Amino acid sequence: MAHATIALLTDFGTADHYAGALKGVLLSLCPEATLVDITHEVPPHDVLTAALELAACYRYFPAGTIFLVVVDPGVGSARRGLVADTGDYRFVAPDNGVLSLVFHDTRPRKVVDLTERRYARPTVSKTFEGRDRFAPAAGWLAKGIELTAMGRPVAQWHVLEVPEPEVGAKRLTGQVLRVDRFGNLVTNIDRRRFELFRQDAGIQIAIDGRAVDRLVATYAEAPAGEVCALFGGTDHLEVALNGGSAAQSLGLGRGAGVRIDRN
Amino acid sequence: MAHATIALLTDFGTADHYAGALKGVLLSLCPEATLVDITHEVPPHDVLTAALELAACYRYFPAGTIFLVVVDPGVGSARRGLVADTGDYRFVAPDNGVLSLVFHDTRPRKVVDLTERRYARPTVSKTFEGRDRFAPAAGWLAKGIELTAMGRPVAQWHVLEVPEPEVGAKRLTGQVLRVDRFGNLVTNIDRRRFELFRQDAGIQIAIDGRAVDRLVATYAEAPAGEVCALFGGTDHLEVALNGGSAAQSLGLGRGAGVRIDRN
Amino acid sequence: MAHATIALLTDFGTADHYAGALKGVLLSLCPEATLVDITHEVPPHDVLTAALELAACYRYFPAGTIFLVVVDPGVGSARRGLVADTGDYRFVAPDNGVLSLVFHDTRPRKVVDLTERRYARPTVSKTFEGRDRFAPAAGWLAKGIELTAMGRPVAQWHVLEVPEPEVGAKRLTGQVLRVDRFGNLVTNIDRRRFELFRQDAGIQIAIDGRAVDRLVATYAEAPAGEVCALFGGTDHLEVALNGGSAAQSLGLGRGAGVRIDRN
C-alpha cells in the first residue's frame with residue numbers, strides 16, 4: 001500500500017485538544033500516515049467557509065490524499081456521514097454540503113453513507129463524531145479499506161447554496177464570499193466569467209457602491225493605500241489594498257456587493 | 001526500533017519561533033519521528049489547562065507515543081524535570097503538576113528526575129529549557145534511550161489541585177474547568193458521578209444560579225439559542241448553546257458554579 | 001537521497017487555505033518529506049519579524065533542512081526569488097531581506113535567482129507565488145534537484161536594515177525588536193555585546209526612561225509582578241515580568257528604547 005497523506009480541515013481551533021485527538025486516532029490506525037493541517041480555524045459551524053477553503057486547495061495535494069473535513073453543526077443528529085471518492089482523492093465529512101463545491105468541480109465516482117460500525121471507535125460520543133466516526137473512517141481508508149465497505153452507496157447529498165453572480169447585458173453583479181488574513185475581499189466572480197462578460201469593453205468596478213479605480217495584476221502595482229481589484233490565487237476577483245486590509249479600510253466583509261458595469 | 005510519534009503540548013503560541021525550535025531539536029535527534037501538535041495555545045503559564053487538555057486526549061494516541069509537555073512558569077528555577085513511563089506512553093515535562101491528571105488515570109511505572117546532562121543540549125538556556133532540556137530528552141527517548149538512563153527514579157511528584165465536585169444527599173455541586181472554542185462550559189462533573197448521584201430521580205441543573213432547562217444528548221437537540229446541558233467528548237457535563245457560545249451568552253468562564261438538585 | 005525536512009515560515013496565517021496549498025504542492029513533489037511549521041503568524045508583510053524568527057531558530061534544525069520562507073509584500077512584482085545554500089541548510093524566499101539575518105550569520109555558499117520555469121507550477125499566479133514558484137522550488141530541492149539548476153548565481157541580495165545598538169563610553173543604547181507571546185520585550189542587545197560593555201562595572205538598565213531594577217537569570221527569580229531584565233532563549237537582553245506580560249504592563253512594543261548606563 002502506498003504512503004498515505006491525510007489532510008485535515010475543521011472548525012476545532014488549535015487551543016483545545018480536539019484536533020490533537022483526531023490526529024491521535026488517525027495515527028493509531030495508520031502510524032505511517034503524513035498528517036497535514038489545512039486549517040482548524042474555520043469559524044465555528046461555518047460550513048460555507050469550510051467548503052470554500054477546501055475547494056480552493058484540494059487540487060494541490062498529491063493524488064491519493066484523504067481529506068478529513070469536520071465542520072459539523074449537526075453532530076450527533078440524524079445527518080449522515082459521507083465517504084466519497086473522486087478518483088484522485090477521497091473525502092470523509094458530514095453530509096451538510098461541506099463537500100458540495102468539490103463535487104461541483106469533480107463528480108464523485110462513489111459516495112457512501114458512513115454507517116459501518118466496525119470502522120468507528122467502540123464508543124461513539126454524540127458530541128464528538130469527528131474523533132469517533134470520521135477520523136477512524138479516514139484512518140481505515142489510509143490503511144487500505146475500501147470505502148464501499150463503509151456503508152451503502154448514496155446518489156444524493158446535501159448541496160450548499162452558494163451565491164452565484166448575476167450576469168446582465170451591461171452589468172455583472174457578485175458578492176464577497178471570503179475575507180482572508182490580508183483583508184482581501186474575495187468575490188464569487190471568477191476570471192472566466194469576468195472575461196466572458198467584459199469582452200474588450202471598458203468597465204467600472206464598484207464595491208458596496210464605491211468605485212474601485214484600478215484593476216491590477218499584482219498587489220504591488222497599486223499605489224500604497226489605494227483600494228484596487230485583481231484576480232487572486234484562486235482566480236476570483238478580489239478587492240484589495242496594497243500594504244493594508246481592504247476589509248478593514250472599507251468596513252466590509254462577506255456578503256458585500258460587487259458590481260461591474262460595461263461601457 | 002519502532003517508528004516514533006512525539007506529541008507536543010505547550011503554551012508557546014504559534015506566532016513565535018519557540019515551537020519551531022523544539023521541532024528542530026526533535027528532528028535533529030530523530031529525523032524520522034512523526035511530530036504532532038496537540039496545542040501550543042495553552043494560556044501562558046496555565047498549568048491546569050495544559051493538564052486538562054493532555055488528560056483529555058493522550059489515550060487516543062498510538063501506544064508508544066512520547067508526549068513533550070512544556071508549560072513551565074518555573075523555567076530555570078529549582079523545579080525538577082520529569083520523564084515518566086505509564087506503560088503505553090512516555091512523558092517529558094517539568095514537575096509542576098502538568099502530568100498529575102494523567103498519573104491519576106494511570107499510575108506511572110517509572111518516573112525519573114531529568115538530570116543527566118548528556119541528554120540535554122551542550123548549553124542550556126535558563127529561560128528556554130523546553131528547547132535545551134525537555135525536547136532533547138524526548139528526542140533521545142524516540143531514538144531508543146531508556147528513561148532510566150536520564151536520571152534517578154523519583155517516587156513523588158507535584159500533584160495539581162483540581163477542584164472536585166461535592167456530592168450531598170440532594171445536591172451535586174461542581175464547577176466549570178474548561179471553556180472550549182465553541183463556548184461550551186465544561187465542568188468537573190463526569191458522567192459516572194452524575195449517574196451515581198441522579199439514580200433515576202428527576203433533577204434540576206443550574207449554572208451560576210440560572211436554571212438550565214434541558215439535558216440533551218447532542219447540541220442539535222436543543223432549540224437554537226437555548227442554553228442546555230449535555231455530556232461532551234470527554235464525558236463531562238457541559239453547558240452549551242446550540243449554534244452559539246454559552247460562555248459568551250452567559251458571560252461565564254472557568255470557576256462558574258454548577259449545581260444539580262435531585263427531586 | 002536522504003530523508004528531506006522542509007520547514008515553513010510565512011505570514012499566511014492558519015485560517016485560510018494558503019499554508020495548506022503550499023503543503024499540498026510540497027507533498028505532491030516529495031510525498032515523503034517531513035513538513036514542519038515554524039510559524040504562519042508573522043504579521044502580514046512584516047519582513048523584519050520573519051527574518052528575526054527565522055534567524056532565531058534555523059540552527060536547531062537538522063542539517064539538510066530546506067526552509068521555505070514566504071513573507072512577500074512584493075509578490076508578482078519584479079523582485080527576485082532566491083534559492084540559497086549555506087552548507088548545512090537551503091533556503092527559498094523572495095529577495096526582500098528576509099534571509100539577510102541568516103546570511104549575516106553564515107555567508108551563503110551559493111545563491112541563485114529562481115527563474116527556471118520548469119521548477120515552477122505550469123501556471124504561476126501573480127498573487128500567489130508562494131504556491132506556484134517558491135513551494136515548487138523547495139519541493140524540487142527536496143527531490144534532489146541542485147539549486148544551480150534553478151537559475152543564475154547572484155552575488156548580491158537585498159539586506160534588511162536592522163537597528164543596531166549604539167555603544168558609547170558610559171552608555172549602551174538599544175531597542176526592542178520583538179515582543180513574544182509572553183509579553184517579553186526582546187531587544188537587539190546580545191549577551192556578548194552587553195558583557196563587553198559592562199566589564200565588571202555596576203550598571204543601570206532603563207526601558208523607555210523607566211528604571212528596571214533587577215537583572216536576573218530566570219523569570220522565576222524576579223518577584224511576581226516586578227519588571228526585570230534577563231537574557232532570553234536567543235541570548236538577547238529582554239525586559240520581562242514574572243507571571244505577566246511586560247509589554248502589556250508597560251504599554252511598550254517594538255521600537256521602545258533601552259538604555260544601559262555604566263557607573
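None of these values were measured; they are calculated from a predicted model.
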Please report the closest heavy-atom contact between A:Gly74 and B:Ala220, naming both atoms and the distance.
CA-CB, 4.4 Å
Minimal heavy-atom distance between B:Arg181 and A:His40, with the atoms involved, is NH1-O, 3.4 Å
Between B:Cys57, B:Gly64, B:Ala7, which residue shows the highest count of heavy-atom pairs closer than 4.5 Å to chain A?
B:Cys57
Would you mind telling me which of A:Ala21, A:Gly130, A:Pro44 has the largest number of heavy-atom pairs within less than 4.5 Å of chain B?
A:Pro44
Give, as side chain, backbone, both or neither, the part of B:Val42 having an atom under 4.5 angstrom from any heavy atom of chain A.
neither
Among A:Arg79, A:Glu41, A:Glu129, which residue forms the greatest number of heavy-atom pairs with chain B at distances under 4.5 Å?
A:Glu41
Under 4.5 Å, heavy atom to heavy atom: which of residues 229-251 of chain B reach chain A? Give them by number, or say none.
B:Leu230, B:Phe231, B:Gly232, B:Gly233, B:Thr234, B:Gly243
Any chance you could measure B:Leu52, atom CG, to A:Asp16, atom CG, to the nearest 0.5 Å?
11.0 Å
Derivation of the side chain to side chain contact (heavy atoms under 4.5 Å, CB included) call for B:Tyr60 and A:Arg121:
CA-CA 10 Å; B:Tyr60 297 98; A:Arg121 288 181 48 84; 3.3 Å; yes
Under 4.5 Å to a heavy atom of chain B? For A:Ser28 that would be both
Give the member of A:Ala15, A:Ser125, A:Gly13, A:Ala33 that has the highest number of heavy-atom pairs under 4.5 Å with chain B.
A:Ala15
Is the CD atom of B:Glu195 crowded by more than 12 outside heavy atoms at less than 6.0 Å?
yes
Please look at A:Tyr18 and chain B and tell me whether the side chain, the backbone, both or neither of the residue comes under 4.5 angstrom of a heavy atom of that chain.
side chain
For B:Val216, is it the side chain, the backbone, both or neither that has a heavy atom under 4.5 Å from a heavy atom of chain A?
neither
Given the options B:Glu53, B:Arg59, B:Arg178, which has more heavy-atom pairs under 4.5 Å with chain A than any of the others?
B:Glu53
Parallel, tilted or perpendicular: which fits the ring planes of B:Phe182 and A:His45, with parallel below 30° and perpendicular above 60°?
parallel
Interatomic distance, CG@B:Leu54 vs NE2@A:His17, rounded to 0.5 Å, equals 10.5 Å
Please look at A:Leu27 and chain B and tell me whether the side chain, the backbone, both or neither of the residue comes under 4.5 angstrom of a heavy atom of that chain.
both
Return yes when atom CZ of B:Arg192 has more than 12 non-hydrogen atoms of other residues, nucleotides or ligands closer than 6.0 Å, and no otherwise.
no
Under a 4.5 Å heavy-atom cutoff, which of A:Val25, A:Asp37, A:Val75, A:Thr14 has the most pairs with chain B?
A:Thr14
Mind checking the CZ-NZ spacing from B:Phe61 to A:Lys23? Nearest 0.5 Å is all I need.
8.0 Å
Residue from A:Thr127, A:Leu29, A:Leu22, A:Leu26 scoring the most non-hydrogen pairs under 4.5 Å with chain B is A:Thr127
Does any backbone or side-chain atom of A:Pro136 lie under 4.5 Å from a heavy atom of chain B? Answer side chain, backbone, both or neither.
neither
